[in-house]
> 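Before we start, here is the structure in question, set down as structure tokens.
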Amino acid sequence: MKKSAILISALLLMGLAPAYAEDGSRLFQRKGCYTCHGAAGANPITPQYPVLAGQNKDYIVSQIAAFSNKHRQGTLNTNQMVPFANSITKDGPEVVGAIAEYLASNQPTKTASYDNDQVHEGEEVFMQGGCAACHGEDAKTPIMPNYPKLAGLSPEYLANQLYAFGAAEKKATRGGTPEAMMMAPMAQGLTAEQVKAVSNYLASLK
């Protein structure tokens, strides 16, 4: 009887083991992230949501924190992301880091659709607007690990973020990180036509 009680206690303790004992892949599944971002974060259910596979680990960590603190506002997926981010952050930085590292180690499996007629103009906007100075000339080698890779993201997602930063005279609503404050003046100089062009250009990059 005593041995049975010890065994039951051990099983209960195993069930209560900290979530960070799991690897990033399992955590990504258990937290339900795949329901919107797809398997391995590589194939989101709508182009309005970002591909997370291959994104910079530090950037993912900072954005989870921004959603959890309700500082990142003004975009389509804000309300959906807050409870997911809260569920992740409540388990501690180990869990956040494990999920971010898992996503960073994966590769996208879906190619974004884009308007090829917009690509040339979009490249000019990207280069002349100074975007490469932070995000890299290929838009996937940013100068800081907590800056995002932009190459291959969908035009819809990219345009929504630029508008949230205040492009085309829209009200700037996206915050949550120091980088958001740096992006706002860059985006606010863009017209709606330039937003469309640069978003399609970035989507065309592999």
Side-chain angles (χ1 to χ4, degrees), residues 18-20 22-106 108 110 112 134-135 140 142 144-167 170-184 186-188 195 199 202:
Y20 56 77
E22 303 174 67
D23 63 19
S25 174
R26 185 175 176 184
L27 286 164
F28 183 80
Q29 296 295 318
R30 185 166 67 80
K31 292 297 183 179
C33 310
Y34 69 92
T35 57
C36 288
H37 295 286
N43 190 5
I45 60 173
T46 168
Q48 303 283 355
Y49 294 165
V51 170
L52 299 179
Q55 188 55 265
N56 282 335
K57 174 186 173 180
D58 289 359
Y59 176 73
I60 295 172
V61 169
S62 71
Q63 296 310 303
I64 290 174
F67 278 119
S68 182
N69 294 326
K70 297 185 178 180
H71 291 158
R72 179 168 167 175
Q73 300 291 328
T75 56
L76 178 68
N77 61 339
T78 296
N79 292 335
Q80 292 94 322
M81 265 302 301
V82 169
F84 285 98
N86 287 339
S87 176
I88 295 169
T89 56
K90 73 178 178 62
D91 287 338
E94 295 89 353
V95 167
V96 177
I99 291 175
E101 186 170 353
Y102 166 67
L103 291 169
S105 70
N106 295 327
K110 185 176 183 179
C134 287
H135 295 285
K140 58 183 179 183
M144 298 291 287
N146 56 338
Y147 292 178
K149 298 177 183 179
L150 303 179
L153 294 174
S154 73
E156 294 88 347
Y157 174 75
L158 291 163
N160 283 339
Q161 301 315 303
L162 288 171
Y163 287 133
F165 282 124
K170 293 185 180 292
K171 181 181 178 181
T173 54
R174 179 170 165 176
T177 61
E179 295 75 35
M181 298 176 64
M182 295 172 61
M183 263 301 300
M186 303 294 291
Q188 287 165 11
V195 168
S199 296
L202 291 168

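Please read all numbers here as calculations on a predicted model, not as lab measurements.
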> Y102: which residues meet the ring pair (Phe, Tyr, Trp, His ring centres under 6.0 Å) condition with it, sequence neighbours left out?
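With neighbours one apart ignored, the set is F28.
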> To the nearest 0.5 angstrom, please state how far the CG atom of L153 sits from the CG atom of L202.
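It is 8.0 Å, given to the nearest 0.5 Å.
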> Do the side chains of I88 and C33 get nearer than 4.5 Å, heavy atoms only?
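Yes, their side chains come closer than 4.5 Å.
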> Which heavy-atom pair separates S199 from P155 by the least distance, and what is that distance?
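It is CB-O, 3.6 Å.
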> Quick check against the 3.5 Å criterion: does D23 have a side-chain atom that pairs as donor or acceptor with the backbone of R26?
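Between the backbone of R26 and the side chain of D23 there is a qualifying donor-acceptor contact (under 3.5 Å).
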> Looking at every non-hydrogen atom in both residues, tell me the closest pair between V82 and F67 and how far apart they are.
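It is CG2-O, 3.5 Å.
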> Once side-chain hydrogen bond (donor to acceptor under 3.5 Å, both in side chains) is applied, what residue pairs with a partner in residues 149-159 remain, sequence neighbours excluded?
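Only R72-Y157 qualify under side-chain hydrogen bond (donor to acceptor under 3.5 Å, both in side chains).
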> Can you tell me how far the CG atom of L27 sits from the CG atom of L103, to the nearest 0.5 Å?
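L27 CG to L103 CG: 10.5 Å, rounded to 0.5 Å.
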> For residues P148 and N56, determine if any side-chain heavy atom of one lies less than 4.5 Å from a side-chain heavy atom of the other.
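No, side chains not in contact.
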> CE of M144 to CE of M182: how many Å apart, nearest 0.5 Å?
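So the CE of M144 and the CE of M182 are separated by 8.5 Å.
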> Which residues pass the salt bridge (Lys or Arg N to Asp or Glu O under 4.0 Å) test with K57, sequence neighbours left out?
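Counting only residues at least two positions away or on another chain, K57 forms a salt bridge (Lys or Arg N to Asp or Glu O under 4.0 Å) with E101.
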> Just how far is it from atom CG of N106 to atom NE2 of H37, taken to the nearest 0.5 Å?
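The distance works out to 13.0 Å.
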> Nearest 0.5 Å, what's the NZ-OH distance between K170 and Y163?
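Reported to 0.5 Å precision, the distance equals 6.0 Å.
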> Got a sec, which residues hit side chain to side chain donor-acceptor pair (under 3.5 Å) with S68, two or more places apart in sequence or on another chain?
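Expected list: N86, T89.
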> Heavy atoms only: give me the nearest G166-Q188 pair and the separation to one decimal.
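Between these two residues, the closest heavy atoms are O-CG, 3.4 Å.
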> Where the side chain of H135 meets the backbone of L150, is there a donor-acceptor pair that is under 3.5 Å apart?
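Not confirmed, H135 side chain does not pair with L150 backbone.
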> Filter on salt bridge (charged side-chain N to carboxylate O under 4.0 Å, His left out), then keep only pairs touching residues 38-53, sequence neighbours left out; what's left?
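Non-adjacent pairs meeting salt bridge (charged side-chain N to carboxylate O under 4.0 Å, His left out): zero.
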> Suppose we screen for side chain to side chain donor-acceptor pair (under 3.5 Å). Which residues come up paired with S87, at least two apart in sequence or across chains?
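Partners of S87 under the side chain to side chain donor-acceptor pair (under 3.5 Å) test: K31.
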> Just to verify, what does N146 make a side chain to side chain donor-acceptor pair (under 3.5 Å) with, not counting sequence neighbours?
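Partners of N146 by the side chain to side chain donor-acceptor pair (under 3.5 Å) criterion, ordered by chain and then number, come out as E179.
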> Determine the minimum heavy-atom distance between A53 and A40, stating which atoms define it.
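Smallest interatomic distance, heavy atoms only, reads CB-O, 3.6 Å.
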> Quick one, M183 and L162 - any side-chain contact, counting heavy atoms below 4.5 Å?
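Contact flag for M183/L162 side chains = yes.
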> If you round to the nearest 0.5 Å, how far is CD of Q80 from CD of Q48?
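The CD atom of Q80 is 10.5 Å from CD of Q48, to the nearest 0.5 Å.
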